[in-house]
Amino acid sequence: MIKVRVPGTSANIGPGFDAFGLALSIYNTFSFEEKNDGKLTIRGVERKYQSDTNLVYRSMQKVFKKVGYHPKGLYIHTDVDIPISRGLGSSATCIVGGLFGANTLIGSPLSTEELFDIAVELEGHPDNVAPAIFGGLVVSMNDRGKNIYIKSAVHPCYEFYALVPDFPLSTADARQVLPKKISFGDATHNLPRATMTYLALANGCPDILKLCMKDRLHQPYRKKLIVHYDVMTKKAREMGCLNTCISGAGPTILVINSVSNQDFEREMLAYLAQKAPGWRIIPLSPDHTGVQVLGG
Ligand code: HSE
């Protein structure tokens with residue numbers, strides 16, 4: 001039995017739209033076994049995901065097809081901790097889990113870079129799959145078919161919280177509300193802010209992080225899809241956090257807090273219990289390792 005553990009991710013981090021992603025200490029774990037029974041067996045997920053349309057299985061097939069391998073039968077088990085359709089990279093974990101599981105099952109014929117390329121092809125953009133594979137704070141891009149990434153550790157002065165609502169939001173719906181064109185002014189607004197956000201997270205500049213995360217490319221359009229977005233972000237600021245952003249395409253709100261602001265979690269828990277019982281708070285730290293094959 002092979003186990004593959006994949007971290008959840010938060011893409012964009014405010015002004016880094018379609019570029020930044022951060023791996024976080026919340027995981028989906030996938031177990032794989034090749035069987036002789038000629039069947040596909042998928043467990044640990046709702047019945048509607050237990051067929052050959054399952055994303056983990058489809059990702060495995062990409063590897064098998066590329067190397068010309070035909071498994072006799074397959075058993076897949078999924079342990080899910082990452083909330084689904086909440087902007088925390090759960091679909092990227094399925095893709096990465098399936099690719100690394102299949103590759104390990106057949107003796108690792110493909111390199112990590114080759115698996116990264118297939119993962120981007122399946123997901124359509126690299127900003128979740130790159131940190132899910134490599135861990136840390138990652139900037140990624142696709143240049144004429146070639147996927148490139150650069151990774152940094154997050155400075156230990158920061159901690160993170162996911163404020164997760166009780167409603168899902170699909171990435172397709174959240175991309176639908178984006179404009180087809182943006183102004184020159186909005187582009188130049190985001191450029192220094194994105195650069196500063198990355199450097200402030202990597203180098204530990206909390207005073208700059210407080211000021212530099214305002215985005216004009218996606219959050220103004222998407223926040224309308226997230227009930228209570230304004231009040232949640234305002235409350236988080238009042239409780240002394242450094243900054244907030246939409247996690248990926250939403251609807252989760254990512255809070256960046258200073259480790260010295262020790263009362264944040266307790267105060268936010270009390271607020272949610274009283275005013276927004278459908279929301280929950282998940283304390284998180286950066287994962288600097290990325291995908292891990294735990295057996296096989
Ligand atoms: N960068 C993508 C988006 C991430 O914001 O649409 C989706 O997971």
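Predicted model, so just to flag it, every value in this text is computed and none were measured. Count residues from 1 along the sequence. Atoms within each ligand, like the ligands themselves, are counted from 1 in listed order. Computed from heavy atoms alone, side chains included, the values below leave out hydrogens, waters and symmetry copies.
A salt bridge does not link Lys235 with Glu267: every distance from a Lys NZ or Arg NE/NH1/NH2 to an Asp or Glu carboxylate oxygen is 4.0 Å or more. Salt-bridge check for Asp263 with Arg266: passed, with a basic side-chain N closer than 4.0 Å to an acidic carboxylate O. For the pair Asp215 and Arg193, the salt-bridge criterion is not met [side-chain N within less than 4.0 Å of a carboxylate O].
Under the rule for a salt bridge (charged side-chain N to carboxylate O under 4.0 Å, His left out), Lys66 has no partner lying at least two apart in sequence or in another chain. Partners of Phe17 by ring pair (Phe, Tyr, Trp, His ring centres under 6.0 Å), not counting sequence neighbours, listed by chain and number: His218. With sequence neighbours excluded, the residues that form a salt bridge (charged side-chain N to carboxylate O under 4.0 Å, His left out) with Lys72 are Glu34.
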Quick check for students: name every N or O atom pair between ligand 1 and the protein closer than 3.5 Å, with distances.
unit_1   : atom_1 : unit_2 : atom_2 : d
ligand 1 : 1 (N)  : Asn12  : OD1    : 3.1
ligand 1 : 1 (N)  : Asp18  : OD1    : 2.4
ligand 1 : 1 (N)  : Asp127 : OD2    : 2.6
ligand 1 : 5 (O)  : Asn12  : ND2    : 2.8
ligand 1 : 5 (O)  : Arg222 : NH1    : 2.8
ligand 1 : 5 (O)  : Arg222 : NH2    : 3.3
ligand 1 : 6 (O)  : Arg175 : NH1    : 2.5
ligand 1 : 6 (O)  : Arg222 : NH2    : 2.8
ligand 1 : 8 (O)  : Asn128 : OD1    : 2.8

